[in-house]
Amino acid sequence: MCGRYASFREAQDLADAFAIDAALVEPAVRELAPSWNVAPTQDVRIVVERAPKTGSGEPEAAPARSLRLARWGLVPSWAKDPSVGNRMINARVESLADKPAFAKPFAARRCLVPADGYYEWKKLQPAPGSAPSGRARTPKQPFYITPADDDVAALAGLYEFWRDPSRAADDPRRWLVSVTIVTMPASQDLATIHDRMPLVLPRSAWDAWLDPSVGAEGASALLRAAPEPLRFREVSSLVSNVNNDSPALLEPVSQAS
């Protein structure tokens with residue numbers, strides 16, 4: 001699973017990395033503060049490829065790549081209220097084409113979620129001599145996981161539009177854009193930490209994943225692409241509290257500390 005990640009690069013750096021024209025970087029993206037502890041339901045940056053809106057009667061324009069904001073936690077178009085998105089922060093590769101909430105966006109609304117790295121928690125054995133208790137929480141050690149080459153991680157995502165029926169047709173806030181991060185079984189190295197991991201797409205797969213003309217069948221082939229090499233290190237448990245948000249969260253800690 002992927003429930004927390006870091007995204008602190010400048011918007012222009014992301015635009016350069018994903019070959020996005022500066023004019024197609026949503027103003028709100030430039031205003032979003034960097035975060036070392038991005039959490040579900042927050043606004044996050046996504047890369048999408050869509051045809052620009054044209055006036056009535058004009059020919060449809062070619063799809064263009066842009067950088068925009070979306071709320072983390074996918075809200076299906078048919079949902080009664082956006083709270084359902086709180087349970088849809090991740091989408092498993094095994095059910096993308098079958099689950100009603102994901103099938104349609106998987107076929108036509110795929111995106112990339114730029115991340116500098118993500119966090120995962122490994123369950124630890126209780127300390128020797130500790131008294132068993134039904135209420136005791138299993139101790140966990142957080143890890144920070146990044147691309148081996150320190151490049152930006154392009155997490156595979158799906159996005160959706162939800163219209164708020166309580167708002168007027170001319171209210172610019174009537175549309176909510178939301179996103180979910182695709183997860184897969186963990187690689188051999190990362191399986192020692194957790195059994196799931198986000199799908200980090202290689203650069204060779206970016207264009208096809210974003211292309212809205214590539215349907216579900218073509219996108220399914222991309223799910224089998226070899227994931228990018230990753231490395232990991234233990235970090236402080238401070239990251240477990242979403243209120244903690246600073247570069248200090250990335251500092252490595254040793255097992256002895």
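Positions are given from 1, in the same order as the sequence printed here. Fair warning: this is a prediction, and the values are worked out from it, not measured in the lab.
Separation of the W36 and Y119 ring centroids does not fall under the 6.0 Å cut-off.
Salt bridge status for R231 with D150: present, with a side-chain N to carboxylate O gap under 4.0 Å. Ion pairing of R110 with D211 is absent here, as no side-chain N (NZ or NE/NH1/NH2) approaches a carboxylate O to less than 4.0 Å. Taking a cutoff of 4.0 Å between a charged side-chain nitrogen and a carboxylate oxygen, R68 and E49 do not qualify as a salt bridge.
Under a hydrophobic clustering in which Ile, Leu, Val, Met, Phe, Trp and Tyr are joined whenever their side-chain heavy atoms come within less than 4.5 Å, directly or via other members, V93 and V214 fall into different clusters. The hydrophobic clustering, which links ILVMFWY residues whose side-chain heavy atoms are closer than 4.5 Å, places V75 and W78 apart. Criterion: ILVMFWY side-chain heavy atoms under 4.5 Å apart, direct or through other members. Under it, V242 and L250 are not part of a common hydrophobic cluster.
W206 places a side-chain N or O within 3.5 Å of a backbone atom of L201 that can act as its donor or acceptor partner. Remark: the backbone N or O of I89 is paired with a side-chain donor or acceptor of W72 at under 3.5 angstrom. Although no hydrogens or angles enter the test, the distance criterion places a donor-acceptor pair under 3.5 Å between the side chain of R174 and the main chain of A169.
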* To do: I would like to know whether I46 and L69 meet side chain to side chain contact (heavy atoms under 4.5 Å, CB included); could you show each step before the answer?
  => CA-CA 6 Å; I46 64 172; L69 293 187; over 6 Å; no
* May I have the step-by-step check of salt bridge (charged side-chain N to carboxylate O under 4.0 Å, His left out) for R233 and E120, ending in yes or no? => CA-CA 10 Å; R233 62 178 181 266; E120 195 53 83; over 6 Å; no
* To do: Go through the steps to decide whether F143 and W121 satisfy the test ring pair (Phe, Tyr, Trp, His ring centres under 6.0 Å), and finish with yes or no.
  => CA-CA 6 Å; F143 285 77; W121 282 257; 9.8 Å; no
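Under the 3.5 Å distance criterion, with hydrogens and angles disregarded, no donor-acceptor pair is assigned to the side chains of R71 and S178. Side-chain N/O atoms of N90 and T183 include no donor and acceptor closer than 3.5 Å. Counting only N and O atoms by type, the side chains of D164 and S166 include a donor and acceptor under 3.5 Å apart.
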